[in-house]
Amino acid sequence: MSFAAFRKSEQHADLGKLAEEHMKHDLTQEDRDALVKASTRVSTRAIIGTLAGLGLGLYAAFRLRRVRADMFNAFRAAEKPTHVLFADGRKEVIPDITPLMQPSRYGDIATYFFFGLGGTFLGGEIGFLLGTWSASRAISKDPARRNRVEAAYRRFKADFLRREAERLESGASPSVF
């Protein structure tokens with residue numbers, strides 16, 4: 001999703017006013033209440049999904065950190081060769097890489113950050129999908145309401161496209177850019 005959607009502009013204000021007019025004139029109060037309730041379902045499930053995803057991401061990061069520390073301890077305790085003997089009798093020292101394998105504080109911070117961020121995005125998206133599914137089910141439960149909402153949306157879109165065509169015919173730049 002583009003951050004341009006959050007920018008305030010005159011065109012967005014006009015679209016908001018146009019949408020409000022259509023909601024007032026094309027829908028009943030019950031329909032408007034149902035749309036508000038449906039939008040609340042979407043936002044609530046998205047918030048819950050985001051928080052659950054954050055929690056699961058941090059839990060997975062904690063588990064990964066613990067496994068990394070256990071693997072390092074096992075590697076450190078294991079007996080490692082110190083020299084390599086070649087066929088020609090030459091003997092080479094193998095450097096000790098144990099300090100390089102040790103988990104670091106920066107690695108832990110990066111693990112928590114990226115797992116938390118990934119869990120937040122994944123949980124938020126799943127919550128948003130579940131919320132839209134629930135909201136569409138709630139609106140579609142009553143066929144008459146669904147028809148009224150769809151008709152209001154079609155009228156809104158037609159008005160928007162008429163205004164966009166007028167804007168383009170007058171020589172103004174399109175609202176997309």
Side-chain angles (χ1 to χ4, degrees), residues 1-65 68 104-177:
M1 184 167 122
S2 174
F3 287 112
F6 298 115
R7 257 188 245 136
K8 300 281 185 193
S9 72
E10 186 176 320
Q11 292 172 349
H12 289 147
D14 290 342
L15 279 177
K17 289 177 187 174
L18 182 64
E20 285 295 323
E21 288 176 22
H22 278 281
M23 280 190 69
K24 285 180 186 174
H25 299 299
D26 297 342
L27 299 174
T28 65
Q29 183 62 38
E30 291 175 358
D31 295 338
R32 290 191 292 270
D33 292 342
L35 286 175
V36 168
K37 186 176 179 183
S39 67
T40 303
R41 283 184 178 195
V42 173
S43 63
T44 301
R45 282 161 177 77
I47 290 170
I48 291 170
T50 300
L51 294 175
L54 176 64
L56 288 174
L58 293 176
Y59 175 72
F62 174 77
R63 295 286 298 158
L64 179 67
R65 182 179 174 272
R68 248 184 11 221
S104 69
R105 183 176 307 267
Y106 296 119
D108 292 343
I109 291 170
T111 301
Y112 280 110
F113 176 75
F114 286 115
F115 271 65
L117 190 66
T120 300
F121 285 141
L122 186 63
E125 291 299 317
I126 290 172
F128 180 74
L129 287 173
L130 290 175
T132 54
W133 175 69
S134 174
S136 67
R137 253 188 37 214
I139 292 173
S140 298
K141 197 183 304 182
D142 182 9
R145 175 180 294 150
R146 187 186 80 221
N147 291 338
R148 286 190 301 268
V149 169
E150 287 175 353
Y153 178 72
R154 281 194 301 274
R155 288 186 205 116
F156 164 73
K157 194 168 185 178
D159 280 350
F160 167 71
L161 292 174
R162 275 190 218 102
R163 287 187 182 188
E164 187 68 21
E166 290 171 5
R167 190 177 299 128
L168 290 174
E169 288 173 354
S170 69
S173 64
S175 65
V176 175
F177 301 108

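Hydrogens, waters and symmetry mates play no part in the numbers below; they use all other heavy atoms, side chains included. Just so it is clear, the model here is predicted, and its values are computed rather than measured. We count residues from 1, following the sequence as given.
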How long is the span from the [atom1] atom in [X] to the [atom2] atom in [Y], to the nearest 0.5 Å?
X      : Y      : atom1 : atom2 : answer
Leu64  : Asp108 : CG    : CG    : 9.0 Å
Ile139 : Arg41  : CD1   : CZ    : 9.0 Å
Leu129 : Arg45  : CG    : CZ    : 13.0 Å
Arg68  : Thr111 : CZ    : OG1   : 4.0 Å
Leu35  : Thr40  : CG    : OG1   : 10.5 Å
Arg145 : Asp33  : CZ    : CG    : 8.5 Å

Query raised in the report: Does atom CZ of Phe156 have more than 12 heavy-atom neighbours, drawn from other residues, nucleotides or ligands, at distances under 6.0 Å?
Result: yes
Salt-bridge present ([X], [Y]; N to O < 4.0 Å):
X      : Y      : result
Asp159 : Arg162 : yes
Arg167 : Glu164 : yes
Arg146 : Glu150 : yes

Under 3.5 Å, is there a donor-acceptor pair between the side chain of [X] and the main chain of [Y]?
X      : Y      : answer
Arg155 : Asp26  : no
Ser134 : Leu130 : no
Ser136 : Trp133 : yes

Grab the two heavy atoms, one from [X] and one from [Y], that are nearest each other, plus how far apart they are.
X      : Y      : value
Val42  : Gly131 : CG2-O, 3.5 Å
Gly116 : Leu54  : O-CD1, 3.7 Å
Thr120 : Thr50  : CG2-CG2, 3.4 Å
Ala60  : Phe115 : CB-CD2, 3.7 Å
Arg32  : Met23  : NH1-O, 3.0 Å

Query raised in the report: Any luck finding a side-chain donor-acceptor pair between Thr28 and Asp31 under 3.5 Å?
Result: yes
